[in-house]
Amino acid sequence: MSEISVLLPDGSSRALPVGSSIADLAASIGSRLAKAAVAGTVNGAEVDLTVPLSDGATVSIITADSDAGRHVLRHSTAHVLAQAVLQLFDGAHFTIGPAIEDGFYYDFALPDNKTFSDDDLASIEKRMREIMKANQPFTRSEVSVKEALAVFATQPYKCEIIERVTSGSADGSDVGEVGSADSVSLYRNSESFVDLCRGPHVPSTSRLGHFSLMKVAGAYWRGNEKGPMLQRIYGTAWESDTALKEHLHRLEEATKRDHRRLANELDLLSFPTELGGGLAVWHPKGAIVRKLMEDYSRQRHQDGDYQFVYTPHLANANLFAKSGHLDFYADGMYPPMEMDNGTYYMKPMNCPMHCLIFDSRQRSYRELPLRLFELGNVYRYERAGTLHGLLRIRGFTQDDSHIYCTEEQMADEISSLLDFIMSVLRRFGFNDFEFNLSTRDPEKSVGSDEIWGKATEALREALDRHGVEYKIKEGDAAFYGPKIDIDVRDAIGRKWQLSTIQCDFNLPERFELEYVGSDGARHRPIMLHRALFGSIERFFGVLIEHYAGAFPSWLSPEQVRVLPVALAHDEYATSVVAQLKKAGFRVDIDHADEQLGKRIRNAKTSKVPYVLVVGDDDVAHQSVGVNPRGGEVERDVSVVDFIARLAVEISEGQLGDIDVS
RNA sequence: GCCGGGUUAGCUCAGUGGUAGAGCAACGCACUUGUAAUGCGUAGGUCGUGGGUUCAAUCCCCACACCCGGCUCCA
């Protein structure tokens, strides 16, 4: 047989000479495809382009501009990074270097715990480009464990990986490096550089080059904070210079949206050093937005048959001992205050207090589901290195509710919660949701398997009934029960975890909560913890980034700014302001003591939704010139019309019908 | 908490072993302008805090606080 036949993804088959590789296949189809090909799949398994094909194989070609192709490029670039570092830093040990979203990293241990500087990054990148120019092949081989250990005799981390794989204690990251336990696969670029790897890789280093080293950071070996600290170099790599530039541009755009920067520029809030880390003060403009968020949340909860409660910021330690939080999170709580009559803690959560409200009198099944809601201020001593603007903060406000219900009500309640959450989030411009179901971590949890099983099933049932797709996060649950987390995508496609629904059979047990059923007997309720915003602070931070600081007019601290063209128009401008204020708008005037252009610019950089310019014509016609944020200037709009239009825009933003799907 | 980098005027940032500078903002004066930066002038800083080295420290060293990029953690 001088020919083989392979099956392509479109169902067609193609004849090739015996011994042909995927590269040959690509070339036989077209020169552009051959140029774009970086790897392939044979019968579903990813392989190098150079692998000879067998008769009857199902083959597809992985091109550089696909997710799988970029993954190959990035992983191959990581190998080049490792080679450059080993060449430039005598005695460096290399560990693992996977492809990640948008790029890759590689972890190293330098002799004497040395670290990389920014200058080092520049020289490493230069060396990498030399290696790419040298057109080194990626040559795969499979060797025995013994041979592999000999190859990496001077590389302790590589030996550790090989040994772990062969002893059967490998985890996912190891398999990514090596493959299987029977033999060890290696990729060699040159006499002096070889790395453990499962592959596939590009055929040669010259196929790489659209990359940039981004930053150096510390990282623990195998993610273990008790283990050695390695030096991680992050890079990004793409299929073309255009794609690389676009990525760098996206990063710049994301930086412009940084909520910490915008919160400062727009005078929304600040983190005074004098307060201590992770604690914010809200300035008047930020407070306006916050209040509107809270008002909207309260209105929706009122409509949703929630009952509002208030609880104190402090509690006796006994309460948190009873709830179990002290056992699990004492390190994450502000330190205890010793008082004459006991030990007190700042509250890190509201649930135990809501349980006390439930327990304050006898409850009937007729009251269930009982939904207690509070914008509750909590304090958590987040570790110093973890603080991040509003997204990770030590004092914050949860839009927290605890719902007490019967086992039978649980799935319905969760299901309607999913609707409620999406409906509220849509009002803030989020339309793209992802669901995650987090299951028990046996090491960090309380309660019986039976209870956990029931709770997890209830969440799963609600998700299934809703017909939404969801991912399972194994072992990611809270200590008291499984949860559904809801992620949203923002205006530029970034993912944020916001809402959570947590199922809890344990706190009712610990607090011995009961209700009297229709049968006259006492029963234990089930408790659902849920938050929509998560924390007001965090949600506000995400909103700033989502809107890039340009809040929709219903949320804008300043909705309208009126600019008189000249001093002579000041009186008229003032009357326009008065009319707008009377209509309930948040409006300011910027008097004519600067050039109009300058004042327009100021209003634009403050991201005010509407700038109204008033001059001679407007005085004559009782009109305004409307300059909307991101739109075209419209002259000679009557004040009455403008008020009517803005009123519609704002009321639709606040109260309009909400499309829940 | 760990690794690395940082902290200079309200903001963004230069800079130096001999106690500091720009742009914007603020304030004043002139200009009175029809849609994204008018001109001139004034004022503003014990250079994060506390120690140390030095004749002399904003600069070098140490500690602490806070911030940034990651890691780890996240009820």
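Values in this document were obtained by computation on a predicted structure and should not be read as measured data. Residue numbering restarts at 1 for every chain, and letters A, B, ... go by the order of the sequence lines.
- Residue-to-nucleotide contacts include a donor-acceptor pair under 3.5 Å from the side chain of A:R392 to the base of B:rC73.
- For B:rC71, the OP1/OP2 oxygens have no side-chain nitrogen or oxygen of A:Y105 closer than 4.0 Å.
- If you take CZ of A:R380 and P of B:rC73, they are 17 Å apart, rounded to a whole angstrom.
- Nucleotides B:rC59 and B:rG52 are separated by 14 Å at their P atoms, to the nearest Å.
- Distance noted for atom C1' between B:rC24 and B:rA14: 15 Å (whole Å).
- Ranked by how close their nearest RNA chain B nucleotide is to the 5' end, A:G223 and A:V613 are led by A:V613.
- Distance A:M346 CE to B:rA75 C1': 16 Å, rounded to the nearest Å.
- Note on A:G332: a base of the nucleic acid sits closer than 4.0 angstrom, heavy atoms only.
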Watson-Crick and G-U pairing of RNA chain B written in dot-bracket, each distance under 3.5 angstrom, with | for inter-strand partners: (((((((..((((....[..)))).(((((.......))))).....(((((..]....))))))))))))....
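- Within the nucleic acid shown, A:G277 comes within 4.0 Å of sugar-phosphate atoms alone, with no base atom in reach, counting heavy atoms only.
- At a threshold of 4.0 angstrom between heavy atoms, the contacts of A:T386 include nucleobase atoms, whether or not backbone atoms are also involved.
- For B:rU49 and B:rU7, the P atoms lie 13 Å apart once the distance is rounded to whole Å.
- Rounding to whole angstrom units, CZ of residue A:R510 and C1' of B:rA75 are separated by 12 Å.
- A donor-acceptor pair under 3.5 Å links the side-chain atoms of A:S401 to the main chain of A:L372, judged by distance alone.
- Within the structure, a side-chain polar atom (N or O) of A:K598 is placed less than 4.0 Å from OP1 or OP2 of B:rA25.
- Under the 4.5 Å side-chain criterion, counting only non-hydrogen atoms from C-beta, A:R629 is not in contact with A:S606.
- No contact: A:F116 has no heavy atom under 4.0 Å from any strand.
- Rounded to an integer number of Å, the gap from NZ of A:K607 to P of B:rA36 is 17 Å.
- Side-chain N/O atoms of A:H388 include one lying less than 4.0 angstrom from OP1 or OP2 on B:rG69.
- No contact: A:E274 has no heavy atom under 4.0 Å from any strand.
- Using a cutoff of 4.0 Å between basic side-chain nitrogens and carboxylate oxygens, A:E382 and A:R394 are not scored as salt-bridged.
- Side-chain N or O atoms of A:S323 include one that pairs as donor or acceptor with a backbone N or O of A:H325 at under 3.5 Å.
- If you measure from atom CG of A:D590 to atom P of B:rA36, you get 15 Å, rounded to the nearest angstrom.
- With sequence neighbours excluded, no residue satisfies ring pair (Phe, Tyr, Trp, His ring centres under 6.0 Å) with A:F271.
- B:rU8 and B:rC68 have their P atoms separated by 14 Å, with the value rounded to a whole Å.
- Listed for the A:Q579 side chain is no donor-acceptor partner under 3.5 Å among the backbone atoms of A:V639.
- A donor-acceptor contact under 3.5 Å is formed by the side chain of A:D618 with the base of B:rG34.
- Under 4.0 angstrom from either OP1 or OP2 of B:rC68 there lies at least one side-chain N or O belonging to A:R260.
- A salt bridge is absent between A:E537 and A:R380; no separation between the charged side-chain nitrogens and carboxylate oxygens falls under 4.0 Å.
- At a threshold of 4.5 Å between non-hydrogen side-chain atoms, the residues A:I600 and A:V613 count as touching.
- On the C1' atoms, B:rU58 is 10 Å away from B:rG15, given to the nearest whole Å.
- Side-chain nitrogen and oxygen atoms of A:K444 include at least one within less than 4.0 Å of the OP1 or OP2 phosphate oxygen of B:rC74.
- Nucleic acid contact for A:N264: sugar-phosphate only, since backbone atoms but no base atoms lie under 4.0 Å from a heavy atom of the residue.
- Residue whose closest nucleotide on RNA chain B sits further toward the 5' end, between A:Q502 and A:E265: A:E265.
- Rounded to whole angstrom, the span from the CG atom of A:L390 across to the P atom of B:rC67 amounts to 12 Å.
- Taking the P atom of each, B:rG17 and B:rC60 are spaced 9 Å apart, rounded to whole Å.
- Remark: P of B:rC2 and OH of A:Y220 are 8 Å apart, rounded to the nearest angstrom.
- For the P atoms, the distance linking B:rC31 with B:rA20 amounts to 38 Å, nearest Å.
- The CG atom of A:L268 sits 20 Å away from the P atom of B:rG10 (whole-angstrom rounding).
- A:R383 contributes a side-chain N or O that forms a donor-acceptor pair with the base of B:rU72 under 3.5 Å.
- Nucleic acid contact class of A:G385 (heavy atoms, under 4.0 Å, all strands): base.
- Checked by atom type and distance alone, the side chain of A:K158 pairs as donor or acceptor with a backbone atom of A:T95 at under 3.5 Å.
- Taking atom P in both B:rA9 and B:rG48, the straight-line distance is 8 Å, to the nearest Å.
- Under the 4.5 Å side-chain criterion, counting only non-hydrogen atoms from C-beta, A:M337 is in contact with A:M346.
- The side chain of A:K215 contributes no N or O atom lying less than 4.0 Å from OP1 or OP2 of B:rG69.
- Residue A:G278 is classed as a sugar-phosphate contact, given heavy-atom separations below 4.0 Å to backbone atoms only.
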